Asker: 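A single structure is presented below for examination.
First listed ligand is number 1; within each ligand, the first listed atom is number 1. Not measured: the values here are computed from a predicted model.
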Amino acid sequence: MRLERRFEATIVATQEDRMRGPSPPALLRIRVFDLTLALLLVLALAPVWLARAVLALIQTGRIVDRAERLGRDRRPFARLTFAGASPGRDWPVLFNILRGDMAFAGPRPLTAAEAAEMPVGAEIRFSVRPGLFSPYRLQRRTGIAHDAESELDRRFVERLSLRGSLGLVVRSGIAALLGGGGERPAPPVLDFFGVPITNTTMDEAVDWIAVRASATAPFPGEKALVAFVNPDCLNIAYRHAPYRTVLQRAARVLPDGIGLHLGCRLRGLALVANVNGTDLFPRLCERAARDGLPLFLLGGRPGVAELTAANMRQRYPRLIVAGAQHGYFTPAEEAGVIARINASGARILLVAFGAPRQELWLAERHDRLLPPVRLGVGGLFDFYSGRMPRAPLWLREIGLEWVWRLAREPGRLWRRYLLGNPLFLYRVWREARQEAKR
Ligand code: UDP
């Protein structure tokens with residue numbers, strides 16, 4: 001009994017510590033690392049730095065620009081950049097790090113106005129130095145920043161350690177190399193091989209589905225299909241006209257995966273977010289539970305959809321899963337399956353047969369189905385049933401979830417990723433070149 005109480009007390013103490021932020025020894029280790037790395041970089045880069053400083057002086061008559069930001073404990077400091085628009089503007093940040101205004105890894109330094117907008121409960125982000133690399137900027141770069149910045153910061157600060165900081169620096173470096181940066185225009189609709197893809201955020205996509213699923217009046221053209229496309233799907237759409245037509249007539253096509261990010265980059269455009277089905281699903285379940293929108297899960301091996309339903313009900317107790325059915329039924333059984341879906345009262349039907357089969361199946365049975373929103377979700381139930389582990393976050397943050405999937409099923413997926421991804425990028429590049437010529 002006493003042991004139990006002591007155990008509980010330890011848990012409470014640990015939770016309180018977490019609320020208070022990182023421990024002083026962890027902060028000290030990080031500071032030593034920051035000082036050492038910044039000093040080494042200053043020494044190594046001294047000649048280029050000097051050249052950039054002279055360039056700033058010639059171009060603008062001054063060496064640095066100062067912008068006021070809030071640091072640790074909301075103390076204001078001047079964030080330094082080299083004057084002028086030439087590359088290397090950010091280099092003086094090493095002085096900010098040496099002076100102790102900033103760290104290499106930490107929450108993004110905010111302006112006073114941005115800090116005022118931060119929600120209550122975000123205060124923990126000010127218990128550490130702001131960072132040159134932040135968890136939010138990293139996830140934004142790969143398009144997976146689906147949670148609020150304050151939430152990502154809180155998680156980072158609560159677990160702050162030297163290893164965590166080093167990890168963030170390395171992952172940010174890799175993501176920058178693979179994904180690039182810079183400001184590019186983000187049109188509301190992207191066109192890849194004649195397929196219109198909605199360029200939107202995860203929150204907006206979930207909201208759009210929920211609104212459509214709860215509406216009683218039919219929508220224009222009674223469009224109901226929501227499809228997710230990755231480079232593999234677009235390669236299929238490129239040569240398979242029926243699938244392309246289905247996507248063109250869909251209510252919405254959403255961008256899935258880092259390949260679309262790279263494709264946009266090749267065309268000088270920005271992808272707002274990687275709105276893939278796997279990340280969307282739990283958010284949709286949360287919203288469906290809140291709004292009382294029943295789901296029907298169709299597809300996957302026997303038992304997998306049921307297991308997914310049970311897992312999601314455990315996570316969101318108010319979620320209504322009106323039915324679950326595996327995807328290996330015979331043509332003779334199909335009418336029964338459709339009757340079950342329609343009788344279930346589901347407002348959202350998720351079909352997991354893999355692309356393009358699920359989209360073609362849904363399009364061919366469009367008039368026979370009742371749920372107002374129908375999503376093609378690929379191998380989604382395999383992840384949420386626990387049958388197939390999903391790639392760890394650090395791999396997703398650097399845009400390499402596909403490497404994980406390839407490593408687990410090389411026989412089935414090598415063609416899709418090793419040949420398909422480069423082929424997709426080549427086609428996008430060729431299309432962009434032809435567009436530029438016109
Ligand atoms: N599947 C199905 N019925 C079929 C063939 C496949 O339900 O006749 C399921 C299969 O069990 C798997 C999913 O469809 O869960 C396809 O997964 P895949 O990873 O190929 O889809 P992707 O996400 O890559 O489109």
Asker: Which of the numbered atoms in ligand 1 are under 4.0 angstrom from any heavy atom belonging to G327?
Answerer: 2 (C), 3 (N), 4 (C), 7 (O), 8 (O)
Asker: Is it the side chain (CB and beyond), the backbone, both or neither of C233 that lies under 4.0 Å from ligand 1, heavy atoms counted?
Answerer: neither
Asker: Among V377, V226, T308, which residue meets the side-chain contact (heavy atoms from CB on, under 4.5 Å) test with L350?
Answerer: V377
Asker: Determine, using heavy atoms of R405 and all atoms of ligand 1, whether some pair is separated by less than 4.0 Å.
Answerer: yes
Asker: Hey, looking at atom 11 (O) of ligand 1, which of Y328, F353, F329 has the closest heavy atom?
Answerer: Y328
Asker: How many angstroms lie between CD1 in I144 and CG in N276, if you round to the nearest 0.5 Å?
Answerer: 8.5 Å
Asker: If the plane angle is over 60° it's perpendicular, under 30° parallel, otherwise tilted; pick one for F193 and Y238.
Answerer: perpendicular
Asker: Backbone, side chain, both or neither: what part of Q358 comes under 4.0 angstrom of ligand 1, heavy atoms only?
Answerer: neither
Asker: Check ligand 1 against R301 and write out every atom of the ligand that is under 4.0 Å from a heavy-atom position of the residue.
Answerer: 11 (O)
Asker: Does this structure show an ion pair linking D382 with R390, if we count only N-O contacts that are shorter than 4.0 Å?
Answerer: no
Asker: May I ask which of G277, P356, G379, G299 has a heavy atom nearer to atom 23 (O) of ligand 1 than the others do?
Answerer: G379
Asker: Considering only protein heavy atoms, which is closest to atom 7 (O) of ligand 1, and at what distance to one decimal place?
Answerer: G300 N, 2.8 Å
Asker: Considering heavy atoms of the protein only, find what lies nearest to atom 25 (O) of ligand 1 and give residue, atom and distance to 0.1 Å.
Answerer: A355 N, 3.4 Å
Asker: Would you call E334 and R365 a salt bridge, taking side-chain N to carboxylate O under 4.0 Å as the test?
Answerer: yes
Asker: Suppose I only count heavy atoms of D382 and a 4.0 Å limit; which atoms of ligand 1 are within that range?
Answerer: 12 (C), 15 (O)
Asker: Keeping the roles fixed (side chain from T142, backbone from E397), state whether a donor-acceptor pair exists under 3.5 Å.
Answerer: yes
Asker: Do me a favour and list the nearest non-hydrogen protein atom to atom 24 (O) of ligand 1 with residue, atom name and distance?
Answerer: R416 NH1, 2.6 Å
Asker: For atom 8 (O) of ligand 1, grab the closest protein heavy atom and report residue, atom and distance to one decimal in Å.
Answerer: R357 NH1, 2.7 Å
Asker: For A352, counting its heavy atoms only, list the atoms of ligand 1 lying under 4.0 Å from any of them.
Answerer: 1 (N), 2 (C), 7 (O), 9 (C), 13 (C), 14 (O)
Asker: Just to be sure I read this right, does ligand 1 sit under 4.0 Å from the backbone of E409, its side chain, both, or neither, counting only heavy atoms?
Answerer: neither
Asker: Does some non-hydrogen atom of F381 fall short of 4.0 Å from ligand 1?
Answerer: no
Asker: Classify the angle between the aromatic ring planes of F424 and F192 as parallel (below 30°), tilted (30 to 60°) or perpendicular (above 60°).
Answerer: tilted
Asker: Would Q434 and W429 satisfy side-chain hydrogen bond (donor to acceptor under 3.5 Å, both in side chains), going step by step from the backbone distance to the final call?
Answerer: CA-CA 9 Å; Q434 281 163 358; W429 172 80; over 6 Å; no
Asker: Given that the side chain starts at C-beta and the backbone is N, CA, C, O, which of these parts of R412 lies under 4.0 Å from ligand 1, counting heavy atoms, or is it both or neither?
Answerer: side chain
Asker: Of all the heavy-atom pairs spanning S385 and L307, show the shortest one and how long it is.
Answerer: O-CD2, 3.4 Å
Asker: Set out, in order, the CA-CA distance, both residues' side-chain angles and the distance that settles side-chain hydrogen bond (donor to acceptor under 3.5 Å, both in side chains) for N235 and R427, then state yes or no.
Answerer: CA-CA 9 Å; N235 278 337; R427 283 173 171 159; 3.2 Å; yes
